[in-house]
Visitor: 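My questions will all concern the structure given below.
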Amino acid sequence: MAVKIKLKRLGKIRAPHYRIVVADSRTRRDGRAIEEIGLYHPVQNPSRMEVNADRVAYWLSVGAQPTEPVLAILKKTGDWQKFKGEPAPAPLLQPAPKAARPLFEALGGDDEGKGEAITQKKKADKKDDASAESSAAAPTEA
């Protein structure tokens, strides 16, 4: 029986997450697994990778073969280098926390509402009023 360490897909259509599992190579992708040994959430920023290093070392030592995506994850976490006896990789980079957006008050906004609309009135209304006054004034002059 050939044993593989592979990804088992879970989640919604556009929000996948995976479990790293040990399974027979002949089973389906999402089929029955022998053991679950980790998690991988690619949608999160940064991607979340959790691997049980002891169980990975055990399964690699008894001959389980990782698939290409799992091999990439194991290289990032350092478990593959530990198994091969190579130097450990640099730690995974964490993104710098984003600065919070400035508050409205800090930008100079007032807290008091004026109770009026902030859009200006149309200029056409003034012209109509002026033309009505001039037409009313015209007959009195004649």
Visitor: Is Glu68 atom CD crowded by more than 12 heavy atoms from other residues, nucleotides or ligands, each under 6.0 Å away?
Guide: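 No, not enclosed.
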
Visitor: Which heavy atom of Pro42 sits nearest to which heavy atom of Ser47, and what is that distance?
Guide: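 Heavy atoms only, the tightest pair is O-OG, 3.5 Å.
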
Visitor: Please enumerate all residues that pass ring pair (Phe, Tyr, Trp, His ring centres under 6.0 Å) together with Tyr58, with sequence neighbours excluded.
Guide: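 If we apply the ring pair (Phe, Tyr, Trp, His ring centres under 6.0 Å) test to Tyr58, skipping adjacent residues, there are no hits.
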
Visitor: I need the Glu36 CD to Arg19 CZ distance, nearest 0.5 Å.
Guide: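 Here the rounded value is 4.5 Å.
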
Visitor: Do Glu35 and Val21 have side chains that approach each other closer than 4.5 Å (heavy atoms only, starting at C-beta)?
Guide: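 Counting from C-beta outward, Glu35 and Val21 never come under 4.5 Å.
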
Visitor: Calculate, to the nearest 0.5 Å, the distance between atoms CG and NZ belonging to Leu74 and Lys84 respectively.
Guide: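 Going from the CG atom of Leu74 to the NZ atom of Lys84 covers 12.0 Å.
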
Visitor: Let me confirm one number: the CD1-CD1 distance from Ile37 to Ile5, rounded to the nearest 0.5 Å.
Guide: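 Reported to 0.5 Å precision, the distance equals 4.5 Å.
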
Visitor: I need the Arg29 CZ to Arg9 CZ distance, nearest 0.5 Å.
Guide: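 Arg29 CZ to Arg9 CZ: 6.0 Å, rounded to 0.5 Å.
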
Visitor: Does any part of the side chain of Pro16, heavy atoms only, come nearer than 4.5 Å to the side chain of Val43, both counted from C-beta?
Guide: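 In contact.
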
Visitor: Heavy-atom distance under 4.5 Å between the side chains of Ile20 and Pro66, does that happen here?
Guide: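 Not in contact.
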
Visitor: How many angstroms lie between OG1 in Thr67 and NZ in Lys6, if you round to the nearest 0.5 Å?
Guide: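 Here the interatomic distance stands at 8.5 Å.
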
Visitor: Who are the ring pair (Phe, Tyr, Trp, His ring centres under 6.0 Å) partners of Trp80, not counting sequence neighbours?
Guide: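 For Trp80, the residues satisfying ring pair (Phe, Tyr, Trp, His ring centres under 6.0 Å) (neighbours in sequence not counted) are Phe83.
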
Visitor: Using the rule that two of Ile, Leu, Val, Met, Phe, Trp, Tyr join whenever any of their side-chain heavy atoms come within less than 4.5 Å, decide whether Leu7 and Leu10 are in one cluster.
Guide: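 In one cluster with Leu7: Leu10, no.
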
Visitor: Output yes when a side-chain donor or acceptor of Thr77 lies under 3.5 Å from a complementary backbone atom of Ile73, and no otherwise.
Guide: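 Yes: the side chain of Thr77 pairs with the backbone of Ile73.
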
Visitor: Would you say Ile34 and Val51 are hydrophobically clustered, going by side-chain heavy atoms of ILVMFWY under 4.5 Å?
Guide: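 Yes, Ile34 connects to Val51 through the hydrophobic network.
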
Visitor: Between Ala23 and Thr27, which heavy-atom pair has the shortest distance, and what is it?
Guide: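 It is CB-OG1, 3.8 Å.
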
Visitor: Nearest 0.5 Å, please: how far is CG in Asp30 from OH in Tyr18?
Guide: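 With rounding to 0.5 Å, OH (Tyr18) is 9.0 Å from CG (Asp30).
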
Visitor: Does the pair Val3 and Gln65 meet the rule for a side chain to side chain contact (heavy atoms under 4.5 Å, CB included), with working shown?
Guide: CA-CA 7 Å; Val3 177; Gln65 295 296 312; over 6 Å; no

